[in-house]
2 protein chains.
Amino acid sequence: MDWQKLLTQAGFRISKPRKQVMQLLESTQTPQTALAIYQQLRAQGARLSLVSVYRTLELFVSLGLISMVYEPEGSLGYVPASAGHHHYILCQVCHRAVEFAGTEDLAGLIYQVENQTQFLVSDHLLQFFGVCPKCQNKSKESA
Amino acid sequence: MDWQKLLTQAGFRISKPRKQVMQLLESTQTPQTALAIYQQLRAQGARLSLVSVYRTLELFVSLGLISMVYEPEGSLGYVPASAGHHHYILCQVCHRAVEFAGTEDLAGLIYQVENQTQFLVSDHLLQFFGVCPKCQNKSKESA
DNA sequence: CGCCTATTGAAAAACTTTTACAATAAGGAA
DNA sequence: TTCCTTATTGTAAAAGTTTTTCAATAGGCG
């Protein structure tokens, strides 16, 4: 189901700022902060406000349409979320975020942590950082 | 090695604010934000400034003396770091943070993610959230 | 004990996020 | 299509967080 139908069915309207924010997020492979989204859209001639960007991001996250990722420098970025898994690996060179399927592998880890700590695990935060294949090749060439 | 020796050997001084911040962090089991640390120390009669708390936390993190944890609500908390692993599981009821050893289990996960994404993994962010044994018992009793 | 300078505190600046409220526009109904 | 209702927006201000600046202070070595 596309995001517009989902919004409508949840009782929300398809406004201009919402379209613009989603379009921008879908057009990039790198997580974008609220401010970055605002600045890029303004540069493209859009007339939305930064407040709308914040409100839109909050709404989209709550509906599961986009995911938050923690950038290495501490800022919070947003990427479109696919259905299912929402774990990301970030390239430290080109900043691309790539999803990976880790659910079944995580199950084992969760089981071990529960045994070890006696906690009941209900949620987790998992991200990897590294260098993507493209950027590995680039550094090889220049070497 | 205790933190004061480590600080000295790294060329830093043992100042009053640094002692106070470390003492407070060591006295609690729950991650504390910069502001919370400041407010508690002031309530105890300490005369340090919030700026010093920020500076001290930054220094301690860079030296590996404390770790940052992401709170579910989005704020950043700090806890004393033990040598070695720095992965935490947070209780959503009492907010305690407990370290767990997950290095060897993670190795397998990292291997699979590298294979799947062709990334070279160099770092990761991993936290669990759940309910600790004590709080599980409490909810059983009241039920 | 005294000196050198790392560190602190106060104030201001910079930056980020939220709130309030009147104006606008999305989209169902006629 | 046009009208009407109200969700959503934009502006401005407030609230909150983190960083910077610089003179005063105090840690710790000689």
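Side-chain atoms are counted along with the backbone in the values below, which use heavy atoms only and exclude waters and symmetry mates. Each chain gets a letter, A, B and so on, in the order the sequences are listed, and its residues count up from 1.
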(request) Run through B:L50, B:L24, B:V51, B:T33 and flag the one making a side-chain contact (heavy atoms from CB on, under 4.5 Å) with B:Y38. (result)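 Answer after filtering B:L50, B:L24, B:V51, B:T33: B:L50.
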Protein-nucleotide distance ([X], atom [atom1]; [N], atom [atom2]), rounded to Å:
{"X": "B:E58", "N": "D:dT18", "atom1": "CD", "atom2": "P", "answer": "12 Å"}
{"X": "A:L50", "N": "C:dT17", "atom1": "CG", "atom2": "P", "answer": "9 Å"}
{"X": "B:E71", "N": "D:dT17", "atom1": "CD", "atom2": "P", "answer": "13 Å"}
{"X": "A:L48", "N": "C:dA26", "atom1": "CG", "atom2": "P", "answer": "13 Å"}
{"X": "B:F60", "N": "C:dT7", "atom1": "CZ", "atom2": "C1'", "answer": "13 Å"}
{"X": "A:E73", "N": "D:dT18", "atom1": "CD", "atom2": "P", "answer": "15 Å"}
{"X": "B:R47", "N": "C:dA10", "atom1": "CZ", "atom2": "P", "answer": "11 Å"}
{"X": "B:L59", "N": "C:dT8", "atom1": "CG", "atom2": "P", "answer": "9 Å"}

So do [Y] and [X] actually touch side chain to side chain, heavy atoms under 4.5 Å?
{"X": "A:F128", "Y": "B:F119", "value": "no"}
{"X": "B:Y78", "Y": "B:V21", "value": "no"}
{"X": "B:L7", "Y": "B:F60", "value": "yes"}
{"X": "B:S122", "Y": "A:V131", "value": "no"}

(message) Among residues 12-24 of chain B, which ones have heavy-atom contacts with DNA chain D below 4.0 Å?
(response)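 Those residues whose heavy atoms fall under 4.0 Å from DNA chain D, taken from residues 12-24 of chain B in numerical order, are B:R13, B:I14.
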(request) Could you tell me the separation between the OG atom of A:S52 and the CD1 atom of A:I37, rounded to the nearest 0.5 Å? (result)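 That separation rounds to 12.5 Å.
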Check every atom of [options] against the side chain of [X] and return the nucleotide holding the closest atom.
{"X": "B:T56", "options": "C:dT8, C:dT19, C:dG9", "result": "C:dT8"}
{"X": "A:Y54", "options": "D:dA12, C:dT16, C:dG9", "result": "C:dT16"}
{"X": "A:R55", "options": "D:dG10, D:dT11, C:dT8", "result": "D:dG10"}

(request) Tell me whether the centres of the aromatic rings in A:H124 and B:H87 are closer together than 6.0 Å. (result)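 No, ring centres 6.0 Å or more apart.
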